[in-house]
There are 2 protein chains.
Amino acid sequence: MTSNDIPAYMAHVGTAARAAATRMAAAPTAAKNAALRALARRLREAVEALQAANALDLAAARAAGLAEPMVDRLKLTPAAIETVAEGCEQIAAMPDPIGEITGVKRRPSGISVGQMRVPLGVFGMIYESRPNVTIEAASLAIKSGNACVLRGGSEALQSNLALWQLVQAALLDAGLPAEGVQLVETTDRAAVGRLIAMPEYVDVIIPRGGKGLIERIAAEARVPVIKHLDGNCHVYVDAEVDLALALTVTDNAKTQKYSPCNAAESLLVHRAQAAAFLPRIGECFAAKGVEMRCCPDSKALLAGVPGARLVDATEADWATEYLAPIISIKVIDSLDEAIAHVNRHGSHHTDAILTTNHASAMRFLREVDSASVMVNASTRFADGFEYGLGAEIGISTDKFHARGPVGLEGLTSMKWIVLGQGEVRT
Amino acid sequence: MTSNDIPAYMAHVGTAARAAATRMAAAPTAAKNAALRALARRLREAVEALQAANALDLAAARAAGLAEPMVDRLKLTPAAIETVAEGCEQIAAMPDPIGEITGVKRRPSGISVGQMRVPLGVFGMIYESRPNVTIEAASLAIKSGNACVLRGGSEALQSNLALWQLVQAALLDAGLPAEGVQLVETTDRAAVGRLIAMPEYVDVIIPRGGKGLIERIAAEARVPVIKHLDGNCHVYVDAEVDLALALTVTDNAKTQKYSPCNAAESLLVHRAQAAAFLPRIGECFAAKGVEMRCCPDSKALLAGVPGARLVDATEADWATEYLAPIISIKVIDSLDEAIAHVNRHGSHHTDAILTTNHASAMRFLREVDSASVMVNASTRFADGFEYGLGAEIGISTDKFHARGPVGLEGLTSMKWIVLGQGEVRT
């Protein structure tokens with residue numbers, strides 16, 4: 001059912017999702033895993049049909065004059081389909097998070113008290129372009145015992161509809177409700193406005209996309225949002241450091257890829273290492289065409305590097321996520337100043353200290369208020385797969401509920417359980 | 001500083017809290033415990049001064065014609081002061097939740113990934129009348145490494161100011177920032193509107209009070225809210241049950257106290273036990289003057305109980321939190337119906353099954369979507385102290401972040417930590 005009456009249509013979708021959520025929550029582990037394996041099989045069998053649906057989206061995108069990089073992100077190649085199919089099998093092979101009971105302890109009253117992991121209920125996911133997100137979100141919903149309502153980009157509608165049909169068939173294969181995964185079938189933007197304001201049907205919203213979209217959703221949502229805004233990640237080179245390690249890690253954090261949110265955007269160097277370190281990393285950046293936005297001290301130390309593109313940093317640079325071959329650089333005088341700078345100008349995403357000093361490492365770990373804090377490792381590791389979560393539905397830069405890469409556990413909560421033998425309160 | 005310019009005043013309070021939060025987060029365990037013990041000592045030394053301040057509030061309340069039960073809740077007796085002082089010492093004796101590192105595992109890339117427990121930052125607490133909440137909130141903030149901004153009821157302002165002075169002095173005794181605990185010194189209601197809409201200064205709001213207050217705060221807040229609305233708690237007497245246990249527990253859940261949110265408001269009885277159980281619990285309720293709002297089947301079975309006050313239940317009764325000597329009663333036909341009824345009409349607070357059947361107990365535990373789910377125990381146990389949390393800042397009926405009784409851990413979050421030896425992403 002689609003309809004021009006968006007509130008009625010979304011209420012229909014929400015009602016179905018809420019009803020399915022009860023069955024998804026109670027689903028046996030074997031049924032959930034069977035659905036995931038059926039989905040993998042159906043994806044592989046449907047490569048041609050999926051490409052046909054995808055071709056419609058690609059043709060429409062090109063006709064609409066979409067830039068070729070955007071068209072690329074829309075593509076469902078056989079390799080991309082195989083990757084999501086393998087993802088479903090990997091999630092099937094993971095332990096079921098639901099029903100886990102922890103910390104049961106006897107109390108003086110005689111009752112035993114512990115906690116049980118349960119699904120959140122229904123999550124809404126709002127995303128753009130890449131249709132493989134449809135399968136990633138659906139497979140995480142199935143394994144975590146949640147129902148979900150998916151709203152993909154209008155440019156990927158035909159691809160998403162084709163993928164969704166496979167998801168529904170796979171749910172039915174395993175005796176689970178097809179309504180466990182809903183796809184919003186209209187491209188009307190009013191549907192998003194409804195989706196984020198139906199606490200009676202949807203428990204949490206997970207937006208993926210540009211900062212403008214996410215800020216708008218966070219401002220207007222009437223349910224909790226697991227959101228990711230900037231990734232203004234720092235690398236701090238401490239007073240005591242292995243310079244070779246610092247060069248390798250700083251280079252990787254900045255230049256391995258420029259577009260991910262976990263790429264470094266700002267480099268802080270302790271004054272004790274600045275003269276030794278900055279010219280060497282400057283040569284590396286110059287060779288790769290990375291523009292350096294410098295404080296006066298770092299600019300002076302980098303001035304002799306051949307081919308270096310040096311720019312005076314403004315105050316705004318310290319808070320900027322470039323997602324480009326640009327990095328801000330600042331010489332600092334102490335660990336305290338480094339921690340204060342990161343906490344003030346950073347985006348609480350991912351920050352790393354490079355040091356050989358144990359006390360510095362432990363203070364940075366404890367005092368930097370970010371979702372991921374690292375010692376002697378590239379910020380590029382901030383990722384659900386690298387952390388061993390098996391999958392990732394998003395990265396949260398909030399402190400409430402889930403922080404950093406959000407996998408299956410982020411889609412669950414812990415309820416209290418009490419086991420008694422007739423105890424009463426006196 | 002207080003001011004007629006509420007936005008400026010609240011920004012001043014928020015800025016001070018945010019700055020103090022960094023120092024509170026990094027505070028050594030010994031300093032936090034020293035502050036708590038100093039607070040206990042200062043409370044005991046100040047019994048007379050506190051009673052003098054409290055007398056001003058009591059006089060004003062009586063002059064304003066406040067009802068005597070409300071005046072009672074305002075009272076800071078020597079016994080009440082001793083209780084909060086002991087609470088501070090108990091919290092000092094608890095393990096420090098901050099800095100706990102869990103789940104560190106080596107990944108194939110060579111990095112080790114785990115999680116570290118950290119404070120949320122700054123919480124805002126909005127509460128009414130009882131001034132001892134000021135000390136409870138302050139002591140939980142100190143131990144959990146958070147800063148907090150407290151907004152008590154205007155009727156308790158003099159008492160709260162006197163208590164707050166002791167808190168600030170105790171923080172300074174231990175070398176911690178006095179601004180770690182802020183009290184809003186104005187009774188202007190506009191201050192509440194600002195407090196809940198300053199995400200730059202306040203990370204989470206915890207309201208305690210009437211349902212109207214909490215609904216208004218939840219609707220208007222621009223930060224997450226740990227909130228508690230209704231406590232429409234159920235007791236379900238299963239088809240297989242120890243009748244003596246069922247009588248004792250049902251009686252306690254309903255009648256031990258009528259006003260707490262964890263008191264039972266609805267009794268579901270399986271048809272197989274209805275004829276045996278209902279007349280006996282009906283006698284108990286009749287003896288205590290508890291009105292019974294009945295479905296037709298339960299009314300018929302209770303009709304012969306001398307002195308029973310029987311009323312036909314309406315649909316609204318199934319969803320009502322009475323907080324009074326009233327209970328709704330329904331005969332149901334199956335465990336499925338009981339679970340569905342609780343999930344549909346309940347408030348996701350606390351619900352109990354009374355049964356001797358293991359499969360029924362496990363299904364109820366797993367499928368009832370409430371913050372606390374119990375087997376063979378009184379719903380009255382849903383409480384932070386009874387659960388062993390050592391203290392309770394509130395009870396959450398939401399599913400996001402913290403569920404049920406919220407203690408120290410509910411005021412923290414887990415950040416990711418990565419320990420490397422120079423690893424880079426390839």
Side-chain angles (χ1 to χ4, degrees), chain A residues 22 25-26 99 105 107 109 111 113 116 118 120-121 203-204 224 242 244-245 248-249 251-253 256 340 343 352 361 363 365-367 369-378 380-382 386-388 398-401 403-405 413-426, chain B residues 22 25-26 99 105 107 109 111 113 116 118 120-121 203-204 224 242 244-245 248-249 251-253 256 340 343 352 361 363 365-367 369-378 380-382 386-388 398-401 403-405 413-426:
Chain A
T22 303
K105 293 197 175 71
R107 299 288 307 151
S109 61
I111 60 172
V113 179
M116 179 188 281
V118 291
L120 286 176
D203 298 291
V204 57
D242 175 334
L245 178 152
T248 309
V249 173
D251 175 31
N252 182 265
Q256 196 245 345
N343 285 338
R363 276 201 59 206
L365 271 184
R366 178 160 173 167
E367 296 181 28
D369 183 24
S370 295
S372 292
V373 189
M374 304 186 170
V375 177
N376 295 335
S378 170
R380 292 278 293 111
F381 281 112
E386 293 293 340
Y387 283 6
D398 285 328
K399 287 195 247 183
F400 212 65
H401 188 70
R403 266 187 116 157
S413 71
M414 300 297 276
K415 70 182 178 190
W416 294 96
I417 58 172
V418 174
L419 305 172
Q421 302 83 33
E423 285 79 2
V424 295
R425 185 98 179 259
T426 49
Chain B
T22 303
K105 292 198 175 72
R107 298 289 306 151
S109 63
I111 60 173
V113 179
M116 179 189 281
V118 291
L120 285 175
D203 298 291
V204 56
D242 175 333
L245 178 152
T248 309
V249 172
D251 175 30
N252 182 264
Q256 196 245 346
N343 285 338
R363 275 201 59 205
L365 271 185
R366 179 161 173 165
E367 296 181 27
D369 182 25
S370 296
S372 292
V373 190
M374 303 186 170
V375 177
N376 295 335
S378 169
R380 293 277 294 109
F381 281 112
E386 293 293 340
Y387 283 5
D398 285 327
K399 287 195 246 184
F400 212 65
H401 188 70
R403 267 188 114 156
S413 72
M414 300 297 276
K415 70 181 178 190
W416 294 97
I417 58 171
V418 173
L419 305 172
Q421 302 84 32
E423 284 80 4
V424 295
R425 184 97 179 260
T426 49

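Labels below follow one simple rule: chain letters A, B, ... track the order of the sequence lines, proteins then strands, and each chain is numbered from 1.
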Contact origin within B:Gln256 toward chain A - heavy atom pairs under 4.5 Å: side chain
By a 4.5 Å heavy-atom criterion (distance strictly below it), what part of B:Arg107 contacts chain A: side chain, backbone, both, or neither? side chain
Tell me if a side-chain donor or acceptor on B:Lys399 pairs with a main-chain N or O of A:Leu120 at a distance below 3.5 Å. yes
Return the CD to OG1 distance between A:Glu423 and B:Thr248, rounded to the nearest 0.5 Å. 11.0 Å
Specify whether A:Phe400 and B:His401 have parallel, tilted or perpendicular ring planes, treating 30° as the upper limit for parallel and 60° as the lower limit for perpendicular. parallel
side-chain contact (heavy atoms from CB on, under 4.5 Å), that's the test. Do B:Leu365 and A:Met116 meet it? Break it down for me. CA-CA 9 Å; B:Leu365 271 185; A:Met116 179 188 281; 4.2 Å; yes
Partner chain A: residue of B:Ala382, B:Ser372, B:Gly99 with the largest heavy-atom pair count (under 4.5 Å): B:Ser372
Interchain contact, B:Ser109 with chain A, by part (heavy-atom threshold 4.5 Å): side chain
Atom CG in B:Leu245, atom CD in A:Gln421: separation rounded to 0.5 Å? 9.0 Å
Relative to chain A, which of B:Pro224, B:Gly121, B:Gly404 shows the most heavy atom pairs under 4.5 Å? B:Pro224
Atom group of B:Ala371 that falls short of 4.5 Å from chain A, counting heavy atoms: backbone
By a 4.5 Å heavy-atom criterion (distance strictly below it), what part of B:Val113 contacts chain A: side chain, backbone, both, or neither? side chain
Are side-chain heavy atoms of B:Val424 and A:Val249 found at a separation under 4.5 Å? yes
Does the side chain of B:Arg403 reach to within under 4.5 Å of the side chain of A:Val118, using non-hydrogen atoms? yes
Which one, A:Glu386, A:Arg380, A:Lys105, A:Glu367, leads in non-hydrogen pairs under 4.5 Å with chain B? A:Glu386
Please rank A:Ala377, A:Gly422, A:Ala25 by heavy-atom pairs under 4.5 Å with chain B and give me the top one. A:Gly422
